[in-house]
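Here's the structure we're looking at; comments come further down.
One-based numbering, in listed order, for ligands and for the atoms of each. Nothing here was measured: the structure is a model prediction, and the numbers come from that model.
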Amino acid sequence: MNLSSSNLERLLTTSDPVAVDDLYEEACRQRDAVYGRKVFMRGLIEVSSHCRNNCLYCGLRRDMKCERYRLSKEQILHCCRTGYGLGFRTFVMQGGEDGWMTDERVCDIVRAVKAEFPDCAVTLSLGERGRESFARLREAGADRYLLRHETADPAHYARLHPAEMRFEHRMQCLQDLRELGFQVGAGFMVGSPDQSIATLMKDLEFIDRFRPEMVGIGPFIPAAGTPFEHEPAGSVELTLRLLAIIRIMHPHVLLPATSALGTLHPQGRERAIRAGANVVMPNLSPQDTRALYSIYNNKLATGSEAAESAADIRARMKAIGMEVPTERGDYQGTKNQASVQ
Ligand code: SAM
Ligand code: SF4
């Protein structure tokens, strides 16, 4: 498929349903050639809702006056035990940028998880840290790190974040993570305020250049109480097209069908898989903390149990002809050395 910038712009804006169907079909062909009909499950553990940052879009931003929590090592291990029994072989520990999560504490948790579940991958998503800190987490056994770049346009980045958050630092973190040997996840929200075709083209160029092992994209959803609470949500259709384009551009990428898509559309995750995605991330967090991790409004499966979320997603994937193997689901491409610049 022609991925010139003029054709990409056309694919993002066309109202021709045949062109869009062709795009999805090609994306699935590319995915199936690398990963077959497998959808990899990751168990999401929302480890802390404390955050020192004030990202304008996020319901966990520091200025939100909300009840906060963090999970203990024992609670996290308990989530992993439940997840392991349900067939999960990757645990994703995600949270706000919480000063309590020192290197020592995070390393201790990572070591404990790796010791008890040596056949599982540990993914961290704890925001920006220094290179030394990332190096310690890697040394402790963390395999992957998710840090969305949020937008590859510095002016747009400044619109979404307070002045103390620097685009250059975010890029430096991604560079450090790559150099330290993590499988790296970048990504962005679709439909964030002031996003345009021009900024999306920069995101696609960035992904093409940096070739992250994982790309998390999902629609922006307004969060009550944030500066963007009255902004419109992102488009499901545009998100699906971007997923398909990213798959064709980078056939080996691990591409989640995000919960944000499932929140905006009852078949959002199935549609993402049909557009070339191959990862799902059911929630393994304790039932009583889920509602407190409210990044955006009406977040999916807030009250359900881990077993229920996992069974639901498995059934959904099987219904559309996909397998859900009990595997770590590592990146299958060759090791990538590209830099952010
Ligand atoms: N604090 C870490 C970080 O920022 O990388 C991890 C947790 S953060 C909640 C994970 C991701 O949620 C962010 O990268 C952002 O893209 C997404 N997110 C935050 N607010 C959102 C919103 N209102 N709608 C959709 N996604 C959102
Ligand atoms: Fe904190 Fe991450 Fe939310 Fe930003 S997106 S406020 S860093 S939890």
Glu231 and Tyr57: side chain donor to acceptor below 3.5 Å: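 No - no donor-acceptor pair under 3.5 Å links their side chains.
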Distance-only donor-acceptor check, side chains Gln183 and Asp330, under 3.5 Å: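 Side chains of Gln183 and Asp330: pair found under 3.5 Å.
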Per-atom contact, atom 4 (O) of ligand 1, protein heavy atoms, under 4.0 angstrom: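 Under 4.0 Å from atom 4 (O) of ligand 1, zero protein heavy atoms found.
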Sub-4.0 Å protein heavy atom near atom 26 (N) of ligand 1: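 At least one protein heavy atom is under 4.0 Å away.
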Atom 3 (Fe) of ligand 2 - nearest protein heavy atom and its distance: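 Protein heavy atom at minimum distance: Cys58 SG, 2.4 Å.
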Identity and separation of the nearest protein heavy atom to atom 1 (Fe) of ligand 2: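 Nearest protein contact, heavy atoms only, for atom 1 (Fe) of ligand 2 is Cys51 SG, 2.2 Å.
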Proximity to ligand 1 by part of Tyr145, non-hydrogen separation under 4.0 Å: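 Looking at Tyr145 and ligand 1, no heavy atom falls under 4.0 Å.
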Residue part near ligand 1, for Ala260, under 4.0 Å between non-hydrogen atoms: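 For Ala260, no heavy atom sits under 4.0 Å from ligand 1.
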Given Arg247, Arg31, Arg37, the one that forms side-chain hydrogen bond (donor to acceptor under 3.5 Å, both in side chains) with Asn278: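 Among the candidates, only Arg247 passes.
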Subset of ligand 2 atoms that lie under 4.0 Å from at least one heavy atom of Gly96: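 With Gly96 as reference, the close atoms of ligand 2 come out as 8 (S).
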Would [X] count as being in polar contact with ligand 1, using the rule that some N or O on each side must be under 3.5 angstrom apart?
| X | value |
| --- | --- |
| Met189 | no |
| Ile221 | yes |
| Ser125 | no |
| Glu97 | no |
| Tyr296 | no |

Plane angle bin for Tyr35 and His252 - parallel if under 30°, tilted between 30 and 60°, otherwise perpendicular: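 Geometry flag for Tyr35 against His252: perpendicular rings.
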Per-atom contacts of ligand 1 with Gly95, taking only distances under 4.0 Å to non-hydrogen atoms: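 Under 4.0 Å from Gly95, ligand 1 has these atoms: 1 (N), 2 (C), 6 (C), 7 (C).
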Glu150: numbered ligand 1 atoms lying under 4.0 Å from its heavy atoms: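 Once the distances to Glu150 are compared, the set is 13 (C), 14 (O), 15 (C), 16 (O).
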Under 2.8 Å: N/O/S of Cys55 next to atom 1 (Fe) of ligand 2: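 Short answer: no, not a single N, O or S atom is under the cut-off.
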Option with minimal heavy-atom separation from atom 12 (O) of ligand 1, where the choices are Leu147, Thr151, Ile295: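 Heavy atom nearest to atom 12 (O) of ligand 1 belongs to Ile295.
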